[in-house]
Amino acid sequence: MSENNLPGRTIEEISASIRAHAASMCMSYIAIGRDLIEAKGKLSHGEWMPWLQDMGFSSSAASNYMRLAREIPPDSMIGALPVSKALALLQLPAAERETLVQANKIE
């Protein structure tokens, strides 16, 4: 049996699984941002950058995750988007963001 014809899930089931994992991954960026905000508040002056390096984050990535956590409401579908797209939407005023999400049926 070739690799493309393995028994098991249908392509629809696989597609749904990938979409669910992708949405979960995107929501994780917001959770990471919340954790980074909390950690930054607990660290003393001068400890933040070394701690970020130990965690494997650049300061720009950390800033982006924290911005997502601060600016995306918990119930917003924007949180289901990949980080780059969510950050692009943050360039718009808040009211326009949700209108765009609704108009494009982002799930």
Side-chain angles (χ1 to χ4, degrees):
M1 186 174 284
S2 76
E3 205 173 287
N4 292 333
N5 294 319
L6 294 175
R9 300 180 295 168
T10 66
I11 193 65
E12 291 80 13
E13 291 168 327
I14 295 167
S15 298
S17 177
I18 290 170
R19 285 187 189 102
H21 288 299
S24 175
M25 182 175 59
C26 294
M27 294 303 288
S28 293
Y29 293 130
I30 295 171
I32 290 168
R34 288 187 197 114
D35 289 345
L36 288 167
I37 291 166
E38 182 180 0
K40 188 172 185 179
K42 293 184 180 294
L43 295 169
S44 298
H45 181 75
E47 293 180 328
W48 175 243
M49 291 304 292
W51 183 82
L52 275 182
Q53 288 178 335
D54 287 345
M55 293 298 296
F57 284 92
S58 67
S59 61
S60 62
S63 293
N64 285 336
Y65 295 149
M66 291 188 299
R67 182 173 180 213
L68 291 168
R70 283 187 200 104
E71 296 189 35
I72 296 177
D75 60 344
S76 172
M77 291 309 296
I78 295 171
L81 294 172
V83 172
S84 60
K85 291 182 181 187
L87 287 169
L89 278 176
L90 291 183
Q91 302 304 313
L92 298 173
E96 288 181 38
R97 288 180 215 153
E98 287 302 323
T99 300
L100 186 63
V101 167
Q102 297 297 324
N104 289 285
K105 298 180 180 143
I106 296 172
E107 298 178 8

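Computed over heavy atoms, backbone and side chain alike; hydrogens, waters and symmetry mates excluded. Counting begins at 1 with the first residue of the sequence.
- With rounding to the nearest 0.5 Å, the separation of CD1 in I32 from CG in D35 is 7.5 Å.
- Residue L90 holds its CG atom at 5.5 Å from CG of L68, rounded to the nearest 0.5 Å.
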Stepwise side-chain contact (heavy atoms from CB on, under 4.5 Å) test for I72 and L89 = CA-CA 10 Å; I72 296 177; L89 278 176; over 6 Å; no
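- Here the NZ-OG distance, from K40 to S63, works out to 6.5 Å after rounding to the nearest 0.5 Å.
- Across all non-hydrogen atoms, the minimal contact from A69 to I37 is CB-CD1, 4.0 Å.
- Note: Y65 and Y29 have parallel aromatic rings, judged against thresholds of 30 and 60 degrees for the angle between ring planes.
- A donor-acceptor contact shorter than 3.5 Å is absent between the side chain of S17 and the backbone of E13.
- Every pair passing side chain to side chain donor-acceptor pair (under 3.5 Å) that includes a residue from residues 48-58 is listed here, sequence neighbours excluded: S58-S60.
- In this structure, S44 contributes its side chain and E47 its backbone to no donor-acceptor pair below 3.5 Å.
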